[in-house]
2 protein chains.
Amino acid sequence: MSQSTGGTRERIKAVALELFTEQGYEATSLREVAERLGVTKAALYYHFKSKDEIVTSVVEDRLVRMDALIAWAETQPPTLATRHAVIERYAETMFSGGQPSVMRFFEQNQTALKSLSAGREIRERMFRLANVLCAGDDSPGGQLRAALALFAVHSSWFAVRTPGITDAERKQVALEVANELLTAIAPPPPTP
Amino acid sequence: MSQSTGGTRERIKAVALELFTEQGYEATSLREVAERLGVTKAALYYHFKSKDEIVTSVVEDRLVRMDALIAWAETQPPTLATRHAVIERYAETMFSGGQPSVMRFFEQNQTALKSLSAGREIRERMFRLANVLCAGDDSPGGQLRAALALFAVHSSWFAVRTPGITDAERKQVALEVANELLTAIAPPPPTP
DNA sequence: GTCTATAACACGATAGAC
DNA sequence: GTCTATCGTGTTATAGAC
């Protein structure tokens with residue numbers, strides 16, 4: 001409760017994320033963000049020292065969650081059960097809290113994020129996750145299936161156009177397809 | 001060789017596509033494009049009347065090819081064999097000529113393309129292709145698998161990191177995974 | 001700690017000379 | 001077909017008042 005910035009910082013992050021996702025990072029001006037908040041542009045520069053820094057801040061907690069998942073996954077044996085557990089946990093974080101919007105922002109701004117440090121950081125985590133998912137079979141087929149399993153979770157948001165579908169149903173179908181892909185990856189390595 | 005525009009138009013398209021893909025549409029200025037070509041900004045405006053129009057022009061032949069494929073696919077019966085044939089032809093066009101770069105540009109600029117007519121046109125074709133691919137089973141699972149089959153072809157370009165892999169090998173593994181997904185879509189409808 | 005005012009500059013696009 | 005010069009606008013970012 002002794003927060004110094006009175007929650008304005010969080011409001012900026014929320015609005016910026018929304019606009020960046022809707023219209024793109026480059027296409028969104030700080031004037032737009034400020035206007036929607038009912039403050040001036042300069043006020044934003046009090047809380048964040050640059051436009052990049054807003055993105056970095058937004059992405060921060062997402063990175064922490066991904067790091068935790070990767071760290072856990074890397075301690076697990078490279079079995080099929082592990083893969084299923086990893087994608088399950090991944091989907092859980094993707095479908096809970098404010099996380100989906102962050103990843104939607106990430107998908108929609110791949111190019112813009114290339115020149116942003118936050119983008120490179122998330123990208124790196126995605127590749128590491130994909131690597132964990134095909135541990136034991138890093139053949140081209142394994143790599144592709146692992147990447148697609150992750151993408152199944154993401155794309156269930158826009159690729160499934162069934163009217164009236166709920167988030168829970170999206171998650172369920174995403175996991176079904178993802179697990180199908182993971183199962184096809186490889187025979188788990190022999191346990192000696 | 002009595003071409004009226006002396007090939008400059010094509011050179012502009014090539015350089016613009018390259019920069020738009022690398023850095024993003026919004027992040028690439030016409031000054032940059034002109035500089036790399038060794039001409040001035042104003043020269044570009046002789047060949048294209050706006051920045052959008054460069055994109056439209058780049059995407060044009062890709063649209064024609066996609067339309068041809070969709071038209072053909074829609075005349076075919078909704079069987080598993082058709083699905084495999086469609087994705088096979090799709091991969092063929094994606095891995096030939098200058099097409100891969102166009103689709104890479106498309107992937108990398110989803111958000112920017114939302115407000116560009118060319119973007120909406122390609123997007124519409126992608127959905128129609130996905131629909132054809134899950135004809136006979138438009139359940140959430142079917143839709144997701146169809147979309148991922150298309151994405152398998154695209155993502156084989158960056159998701160597969162095996163050193164020294166050739167384009168032909170990328171195509172092959174993409175088709176293998178895509179066909180796996182398509183096979184899982186649904187029992188082909190009973191032929192009465 | 002928050003805002004107004006404004007600097008300094010890049011953008012897309014146009015006009016008109018050559 | 002390409003150039004120079006420039007318009008109008010929107011951008012990030014800063015200095016300084018409150």
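Excluded from the calculations below are hydrogen atoms, water molecules and symmetry mates; all remaining heavy atoms, backbone and side chain alike, are included.
- Taking the nucleotide of DNA chain D with the nearest heavy atom to each of A:A27 and A:A42, the more 5' of the two is matched to A:A27.
- Under the 3.5 Å distance criterion, with hydrogens and angles disregarded, no donor-acceptor pair is assigned to the side chains of B:Q99 and B:T93.
- At a cut-off of 3.5 Å, with distance as the only test, no side-chain donor of B:S50 or B:E53 sits close to an acceptor on the other residue.
- Across the protein-nucleic acid pair, B:R9 atom CZ and D:dG1 atom P stand 12 Å apart, rounded to whole Å.
- When rounded to the nearest whole Å, the span between CD of B:E26 and C1' of C:dA10 equals 14 Å.
- Remark: C1' of C:dA13 and CD1 of B:I54 are 12 Å apart, rounded to the nearest angstrom.
- Considering only side-chain N and O atoms, B:T40 lies under 4.0 angstrom from the phosphate OP1 or OP2 of D:dC3.
- Contact check, A:H47 against C:dT2: a side-chain N or O comes under 4.0 Å of OP1 or OP2.
- Rounded to a whole Å, the CZ atom of B:F48 is 15 Å from the P atom of C:dG12.
- Closest to the side chain of A:Y45, from the set C:dA13, D:dG1, D:dT12, is D:dT12.
- Going from atom CZ of B:R11 over to atom C1' of D:dT2 covers 13 Å, rounded to whole Å.
- When hydrophobic clusters are built by joining Ile, Leu, Val, Met, Phe, Trp and Tyr residues whose side-chain heavy atoms come closer than 4.5 Å, directly or via intermediates, A:M94 is grouped together with A:F105.
- Comparing C:dC3, D:dA13, D:dT2 against the side chain of A:K41 picks out D:dA13 as the nearest.
- Counting non-hydrogen atoms under 4.0 angstrom, A:S29 reaches the backbone sugars and phosphates but no base.
- As a whole-Å value, the separation of B:K51 NZ from C:dA10 C1' is 12 Å.
- In this structure, A:R89 is positioned above the aromatic face of A:W72, its NZ or CZ under 6.0 Å from the six-membered ring centre and within 45° of the axis.
- With rounding to whole Å, B:Y46 atom OH is found 18 Å from C:dG16 atom P.
- Between A:L44 atom CG and D:dT11 atom C1' the separation is 13 Å, expressed in whole Å.
- Comment: B:E92 engages B:K171 in a salt bridge, judged by a side-chain N to carboxylate O separation of less than 4.0 angstrom.
- Side-chain nitrogen and oxygen atoms of B:T8 include none within less than 4.0 Å of the OP1 or OP2 phosphate oxygen of D:dG1.
- Closest to the side chain of A:R31, from the set C:dC3, D:dT12, D:dT11, is D:dT11.
- Distance from the side chain of B:L30 is smallest for C:dG12 among the nucleotides D:dC3, C:dG12, C:dT2.
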